[in-house]
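A quick write-up on the structure given underneath.
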Amino acid sequence: MNYDLAIANGTIVDGTGAPRFVGDLGIRDGKIAALGSVDGSATQTIDAKGRVVAPGFVDIHTHYDAQVLWDRMLSISPWHGVTTVVMGNCGFGVAPTRPAHRELILRTLEKVEGMSFEALEAGVGHDWPFETFPQYLDALERGGMAINVAAFVGHTPVRLYVMGEESTQRAATPDEIARMRAIVREAIEAGAVGFATSKAPTHVGYAGNPVPSRAAELDEVKAIVSELASLDRGVVQATVGPGLFFDQFAELAREFRRPVTWTALLAGMMGAGSHRMLLNRSIELIEEGLRIIPQVSCRPLLFDFNFEEPFAFESLPVFRPVSQADREGKKRIYADPSFRQALKDTFASSMAGPFAAAANRIRISSSPQDPTLEERTVEEVARTRGVDPVDCILDLALATDLKARFRMAILNDNEDDVAELLTDRHTVLGLSDAGAHASQLCDACFSTHLLGHWVRERGTLSLERAVEMLTTRPAEVLGIRDRGRLAVGMPADVVVFNPDTVGASKLRRVSDQPASASRFVADASGIDAVIVNGTVIRRDGTDAVDPHGRLPGRLLRGGAAK
């Protein structure tokens, strides 16, 4: 037999959790044609001796909905071996959107996805090639992409499409709910993998308003999910918040028999040790027969921010006027002694949750006027200046015209607790947030971090288990039927990596977004080759395809390439 590509002498880890074995893999016409032994010639051969050959990684929690329109490579996910992404999480997206609401939806994404409006506007352009969700999917398919893409239909754009600006303020009428149901049904029929929504207090949109999904009542969510039930298709993705947690997930799962995956079960989210209580409650529901799967993360939730866009704090009531203010208004608020005292009281409160004593846990990451402060803790600098840490932070922000940047691990930074979540088989790996919070964090490198840190360095996970967590498990949870494992007849999405060197670098800031906007990226080490549908798209750390040419990624309508 002749092959387009052969991968020889590799250590094959097929994604199912089965033991590794040494063998070959043959690819022809974009699919795996031989596994174990390859007899015949190949147009191209990769010698994988000493390397692991695994399925391409599946990232189920991304926000590339806007970025894919200007970056068909979906960087940086392929750098780290990801060959399939799911967009539209947390109920966010750009479709459906009426022409009159384009600025409003981009302003919303600016707030919740940490990217400037100018970058979003320049990237997406003024002449959008879609209005409805089916048209959006068609536009993606026409445009092409380097890796495979699946998408949720998001509650926020659906609500805005039906209710306009009132979508952030009130409950929907029966007629409006009926129209939302029709839009979601149309989206699922066109290929959405499910419906996503959010009640997270951190999801604050334009002008300090809650994102539209936060104004929805449970009956509205249930009515929409009933459309998934009637079609017997689709997954519900929910980001937790008041009125949308275990009890509501159980109602949805019992009544409509659709899987619910929720974001996110993180260490410390309700205080020290709370992850065990939340995990045990999840397990109880799963053992009851309800498909309610928490997403966990293998990285600390580490935000790098400034006080022009203080996303990390905007869920706090004290920051409500900050969210509503323009730049000069923010500066006046930060200088106000009453605001400073209110912020000190908030951080000192036992009810502050992950923000308790926050000012003492913040590090200065960038100080334009005084670089000697960089990488020092605010607590240390405040002590040398004889001031309260809150005053120190806000004084630094004002002295640099809000350009000084700060870094804080909000959640998931206790590695022993994180290990408990990663090793429990009731969870699924998610929350990379790739494509979102671009100027504030970068967890698109979660896959190489998992393999380098949690497998090689800590030994918490076996190689086979880690690969399963990156491939078969997320594909099964999201109903992605034709990805996530190596088997004859499956699409040839493959990553070849060196288990001795695979990992993710420290974050670095680059200005490669539209309008020269900056973002964080992390470089991958130890990734030899990334293959999508039989085409090598990355080789030895560089792109192997023309970003402007024909690309091999497929749109996974309903969880599979058509």
Side-chain angles (χ1 to χ4, degrees), residues 57-80 82 84-95 97 105-117 119-121 123-124 133 136-137 140 145 147-158 160 192-198 200 202-206 211-214 235 237-239 261-264 295 297 299 301 303 309 311-312 314 429-447 474 478 513-514 517-522 553 555-556:
F57 306 143
V58 179
D59 185 350
I60 63 172
H61 194 107
T62 80
H63 293 275
Y64 282 123
D65 310 74
Q67 183 177 326
V68 67
L69 297 171
W70 70 76
D71 174 15
R72 301 192 309 149
M73 297 300 292
L74 285 97
S75 62
I76 64 170
S77 287
W79 302 6
H80 297 272
V82 172
T84 296
V85 296
V86 181
M87 314 184 305
N89 285 276
C90 305
F92 302 138
V94 292
T97 297
I105 199 71
L106 294 185
R107 291 285 184 189
T108 300
L109 294 182
E110 173 187 33
K111 296 294 293 182
V112 298
E113 296 197 351
M115 185 180 298
S116 75
F117 172 78
L120 288 163
E121 186 178 47
V124 178
F133 191 86
Y136 174 69
L137 293 185
L140 295 184
M145 46 259 170
I147 62 178
N148 308 303
V149 169
F152 286 106
V153 58
H155 199 174
T156 279
V158 167
L160 178 61
V193 292
F195 168 72
T197 188
S198 170
T202 53
H203 288 156
V204 178
Y206 181 53
V211 296
S213 63
R214 287 179 56 197
V235 176
Q237 186 275 326
T239 304
T261 180
W262 61 274
T263 307
Q295 294 183 20
S297 173
R299 289 172 62 85
L301 190 60
F303 274 95
E309 291 293 338
F311 175 85
E314 286 190 289
L429 199 58
L431 197 64
S432 86
D433 267 348
H437 308 298
S439 65
Q440 301 158 335
L441 57 76
C442 175
D443 288 339
C445 56
F446 78 108
S447 51
L478 264 292
Q513 296 286 74
S518 72
R519 63 168 175 163
F520 277 120
V521 298
L555 179 66
L556 305 183

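Each residue takes its place number in the sequence, starting with 1.
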Worksheet item: Does the side chain of V193 come within less than 4.5 Å of V235's, by heavy atoms?
Response: no
Fill in: Worked check of side chain to side chain contact (heavy atoms under 4.5 Å, CB included) between M145 and L74
CA-CA 7 Å; M145 46 259 170; L74 285 97; 3.7 Å; yes
Discussion item. Give me the atom names and distance for the closest heavy-atom approach of L441 to F520.
Written reply: N-CD1, 3.8 Å
Discussion item. Are H155 and F195 an aromatic pair, judged by ring center distance below 6.0 Å?
Written reply: yes
Worksheet item: So, the side chain of Q295 versus the backbone of G430: is there a donor-acceptor pair under 3.5 Å, distance only?
Response: no
Worksheet item: How long is the span from the CG atom in D59 to the OG atom in S447, to the nearest 0.5 Å?
Response: 7.5 Å
Discussion item. Tell me whether Y136 contacts the main-chain N or O of D65 through its side chain, where contact means a donor paired with an acceptor under 3.5 Å.
Written reply: yes
Worksheet item: Atom CG in L120, atom CG in L109: separation rounded to 0.5 Å?
Response: 6.0 Å
Discussion item. I'd like to know whether W79 forms a side chain to side chain contact (heavy atoms under 4.5 Å, CB included) with V521, so could you lay out the CA-CA distance, the side-chain angles of the two residues, the decisive distance to 0.1 Å, and finally the verdict.
Written reply: CA-CA 10 Å; W79 302 6; V521 298; 4.2 Å; yes
Worksheet item: Between L431 and A264, which heavy-atom pair has the shortest distance, and what is it?
Response: CD2-CB, 3.6 Å
Item to complete: Mind checking side chain to side chain contact (heavy atoms under 4.5 Å, CB included) for P157 and listing every partner two or more places apart, or none if nothing turns up?
Response: P96, I105
Worksheet item: Of all heavy-atom pairs between C90 and S198, which one has the smallest distance, and what is that distance?
Response: O-CB, 3.3 Å
Discussion item. Measuring only between side-chain heavy atoms, which start at C-beta, is M115 closer than 4.5 Å to H437?
Written reply: no
Worksheet item: Out of curiosity, T62 OG1 to F152 CZ, how far, rounded to the nearest 0.5 Å?
Response: 10.0 Å
Discussion item. Tell me whether the rings of H203 and F92 are parallel (<30°), tilted (30 to 60°) or perpendicular (>60°).
Written reply: perpendicular
Practice prompt. For F446, check ring pair (Phe, Tyr, Trp, His ring centres under 6.0 Å) against everything at least two apart and list the hits.
Written response: none
Practice prompt. With rounding to the nearest 0.5 Å, note down the distance linking CD in Q440 to CZ in F311.
Written response: 6.5 Å
Item to complete: Report yes if the side chains of I76 and C442 come closer than 4.5 Å at any heavy-atom pair, otherwise no.
Response: yes
Discussion item. Minimum heavy-atom separation for A438 and Q513, please, with both atom names.
Written reply: CB-NE2, 4.5 Å
Item to complete: Indicate the atoms forming the closest heavy-atom contact of A151 with L137, along with that distance.
Response: CB-CD2, 4.4 Å
Worksheet entry | Separation between OG of S439 and CD of E113, rounded to the nearest 0.5 Å | 11.0 Å
Discussion item. Please check: side-chain N/O of D433 versus main-chain N/O of D443, any donor-acceptor pairing under 3.5 Å?
Written reply: no
Worksheet item: Is a side-chain donor or acceptor of S213 paired with a backbone partner of G91 at a separation under 3.5 angstrom?
Response: no
Worksheet item: How are the rings of H61 and H63 set to each other: parallel, tilted or perpendicular (split at 30° and 60°)?
Response: perpendicular
Worksheet item: Under 3.5 Å, is there a donor-acceptor pair between the side chain of Q67 and the main chain of S75?
Response: yes
Practice prompt. Flag the pair T108 / L160 as yes when at least one side-chain heavy-atom distance between them is below 4.5 Å, and no otherwise.
Written response: no
Worksheet item: Tell me, do F133 and V158 make a side-chain contact under 4.5 Å, heavy atoms counted?
Response: no
Discussion item. Return the CZ to OG1 distance between F303 and T202, rounded to the nearest 0.5 Å.
Written reply: 7.5 Å
Discussion item. Could you work out, with side chain to side chain contact (heavy atoms under 4.5 Å, CB included) as the rule, every residue matching S116, not counting sequence neighbours?
Written reply: E118, A119, A517
Discussion item. Walk me through whether R299 and S432 qualify under side chain to side chain contact (heavy atoms under 4.5 Å, CB included).
Written reply: CA-CA 9 Å; R299 289 172 62 85; S432 86; over 6 Å; no
Response to the item:
All heavy atoms of A150 vs all of L556, minimum pair found to be CB-O, 3.9 Å
Discussion item. Is there a side chain to side chain contact (heavy atoms under 4.5 Å, CB included) between V85 and N148? Walk through the geometry before answering.
Written reply: CA-CA 6 Å; V85 296; N148 308 303; over 6 Å; no
Worksheet item: Mind checking whether Y64 and V149 have side chains closer than 4.5 Å, heavy atoms only?
Response: no
